[in-house]
Amino acid sequence: MAFDYDLFVIGAGSGGTRAARMSAALGARVAIAEELHLGGTCVNVGCIPKKLFVYGSHFAEDFEDGAAYGWTTSGETFDWPTLRDNKTREIERLNGVYEGLLEGPGAEIIRDHASLVDAHAVTVGNETVTAENILIATGSRAIVPPFPGDDLVITSDEAFYLDAFPERVVIIGGGYIAVEFAGIFRGLGADTTLAYRGPLFLRGFDGGVREFVAAELSEKNVTLRFDTTVESVTRAADGLIVRTHAGDVLEADVVLCATGRAPNTAGLNLSAAGVDLDSSGGVRVDDRYRTTAPHIRAIGDVIGGLQLTPVAIAEGMCIAYNLFGGEDREVDYEEIPTAVFCQPNIGTVGPTEEDARRRFPALTVFESTFRPLKHTLTGRAERTMMKLLVDGDTDRVVAAHMVGPDAGEIIQGLSVAIKAGATKADFDRTIGIHPTAAEEFVTMREARA
Ligand code: NDP
């Protein structure tokens, strides 16, 4: 049977775009459908605008710190529409870049909603087209748990486009988005409260890192309310009223719910094509991203797992090379580094100390906390934390954790060494770059008791 396309991709986010353009570059006839903006969550309402906001929010401290270095600044004011709209212009530019990335190698972009008909057919707009292979890369969406007044809260999607900058913000949640936006709103001047349901936020991260970040955010006047469940949000004459299960009342102009993201599976007609979901609502796939329907694959946030752009991109590469490059690639999910752009940043690769103790009985921990050189003049209380976990049986460095400026940049470099199996002896014989914070990772000699 002759198909219209060799590959039809549904969703032009990080994973879908990569699979489409690499497949087209390998000679496949490719179409990609996107009903919203090219680039998906990462480009439009995720990583990129978030990082721009993080940069924007740090200027408040930079202006203050400048005084100790002899700079006189006065009358600094922050104009939200300038940051918001400059960010939006950059996102629109990136939408165009994505268009070029797809069209360059010849992928056809279809700006419409697509849904499955069967294993080889897709309805897009009013048309039905056929493809030898179909890839579902529809990503995820922010979820808000049901509670009275849940319609009054926003998610990160809306946070990027607020009409007015809020004076008071309550953030519900304790994951990546909650702590990143806590730093953004606080840095830009909002009175910011983070309400998390458990005893300590950032579940899944190293215990020491979580404690350290909690102390640093408190130091920056983010109000942390742990063991706090939001019961309701109501509208008041002057903003919103948040009521907690303990009977506390918090006032806010904006309530941001950052309570996780769910796979985008609705409206795809998955069951008609025989595509099953797993118990967490993601598309069920095998280790080559094959769904339960022949010829239909799925990657990225829609399959659950790690909701990270570089992971979706790696999966997209895998799809292209395996389908059209004659290869049999697998994604290596071990030692995936990640950063949280709270302030200061978290960078991490490898297991937490708690996990590593279970996996490596002879674990040795090297840890250092210090005041960054920059703040010896400014007097700012911000501190940096670094931790290396070493398997005493093999001397391999199994993890590195950091909280401090540019932690993501530093851990990205270290993750290559850790991936390559570097030992503590390798770290020890590496000469540091002085004066940097990162040199601490190659000069830690005393194991923690
Ligand atoms: P996360 O899964 O990171 O965190 C969700 C938070 O919400 C957790 O603290 C969770 O608590 C809490 N929560 C979940 N359900 C409820 C509920 N019903 N009531 C109250 N609290 C609840 O999700 P995010 O939304 O922060 O981010 C989504 C994903 O996007 C991240 O997991 C990450 O993969 C990705 N991301 C990556 C970034 C990066 O790479 N820098 C930046 C932003 C997002 P508990 O821990 O108790 O379950």
Side-chain angles (χ1 to χ4, degrees), residues 13-15 40-55 139-150 153-160 170-184 194-205 207 209-210 213-214 217 224-233 242-245 255-264 280-282 300-315 333 336-349 352 402-403 406-409 411-412 415:
S14 305
T41 303
C42 172
V43 167
N44 294 284
V45 284
C47 325
I48 301 297
K50 177 274 309 290
K51 188 92 186 267
L52 293 173
F53 280 7
V54 169
Y55 286 134
S140 62
R141 66 187 189 291
I143 43 172
V144 176
F147 55 81
D150 54 11
V153 309
I154 63 165
T155 68
S156 48
D157 289 356
E158 294 81 37
F160 291 109
V170 171
I171 299 172
I172 307 172
Y176 279 82
I177 295 178
V179 296
E180 289 180 344
F181 269 98
I184 289 168
L194 183 152
Y196 172 58
R197 62 181 175 181
L200 183 60
F201 61 9
L202 292 166
R203 190 166 60 82
F205 285 83
V209 164
R210 296 165 71 191
V213 172
L217 293 199
L224 298 178
R225 299 183 67 111
F226 294 153
D227 290 316
T228 298
T229 303
V230 168
E231 259 190 359
S232 68
V233 177
V242 179
R243 287 195 169 75
T244 74
H245 73 298
V255 178
L256 167 65
C257 202
T259 47
R261 300 180 63 87
N264 271 332
S280 56
D301 285 9
V302 78
I303 62 171
L306 291 171
Q307 297 170 322
L308 298 172
T309 276
V311 171
I313 288 174
E315 292 168 352
Y333 291 94
I336 291 177
T338 181
V340 186
F341 296 99
C342 51
Q343 297 173 43
N345 300 173
I346 302 170
T348 178
V349 57
T352 64
M402 173 173 175
V403 184
D406 298 320
E409 310 287 345
I411 293 293
Q412 178 70 86
S415 63

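Quick caveat, the model's predicted, so the values are computed rather than measured. Along the sequence shown, residues are numbered consecutively beginning with 1. Counting convention: from 1, in listed order, for ligands and their atoms alike.
In this structure, F205 and Y176 have perpendicular ring planes: the angle between them is above 60°, well past the 30° mark.
The residue among T228, V54, T259, D301 with a heavy atom at the shortest distance from atom 7 (O) of ligand 1 is T259. With distances taken over non-hydrogen atoms, the option nearest atom 10 (C) of ligand 1 out of Q307, R197, K50, R203 is R197. Comparing G204, P199, S140, G260 against atom 2 (O) of ligand 1, the shortest heavy-atom distance belongs to G260.
Of all the heavy atoms in H245 and T228, the pair that sits closest is CE1-CA, 3.8 Å. Closest approach of F181 to S156, counting heavy atoms only: CE1-CB, 3.9 Å.
Between the CZ atom of F147 and the OG1 atom of T259 there is a distance of 7.5 Å, given to the nearest 0.5 Å.
Within the 4.0 Å heavy-atom criterion, the part of A339 lying near ligand 1 is the backbone and not the side chain. Counting heavy atoms closer than 4.0 Å to ligand 1, residue L308 contributes side-chain atoms (C-beta onward) but none from N, CA, C or O.
Within ligand 1, the atoms closer than 4.0 Å to a non-hydrogen atom of A258 are 5 (C), 6 (C), 7 (O), 25 (O), numbered from 1 in the order shown. Set against the non-hydrogen atoms of P145, the atoms of ligand 1 under 4.0 Å away are 17 (C), 18 (N), 19 (N).
Ranking the protein heavy atoms by distance from atom 9 (O) of ligand 1 puts G174 N, 2.9 Å first. With hydrogens left out, the protein atom closest to atom 42 (C) of ligand 1 is E180 OE1, 3.2 Å, a heavy atom. The protein atom (non-hydrogen) at minimum distance from atom 26 (O) of ligand 1 is I177 N, 2.8 Å. Nearest protein neighbour of atom 38 (C) of ligand 1, counting heavy atoms only, is Y176 CD2, 3.2 Å. Protein heavy atom closest to atom 1 (P) of ligand 1, with residue, atom name and distance, is G175 CA, 4.1 Å.
Side-chain atoms of N44 never come within 3.5 Å of backbone atoms of T41 as a donor-acceptor pair (strictly under, hydrogens ignored). Between the side chain of R261 and the main chain of I143, no donor-acceptor pair closer than 3.5 Å is present. Side chain of E158 to backbone of T155: a donor-acceptor contact under 3.5 angstrom is found. Side chain of R210 to main chain of F201: a donor-acceptor pair is present (N/O by atom type, distance under 3.5 Å, no hydrogens or angles).
In this structure, G198 falls outside the shell of residues with a heavy atom less than 4.0 angstrom from ligand 1. Between Y196 and ligand 1 there is a heavy-atom distance shorter than 4.0 Å.
By the salt bridge (charged side-chain N to carboxylate O under 4.0 Å, His left out) test, R203 is found to be paired with no residue, residues two or more places apart in sequence or in another chain being considered.
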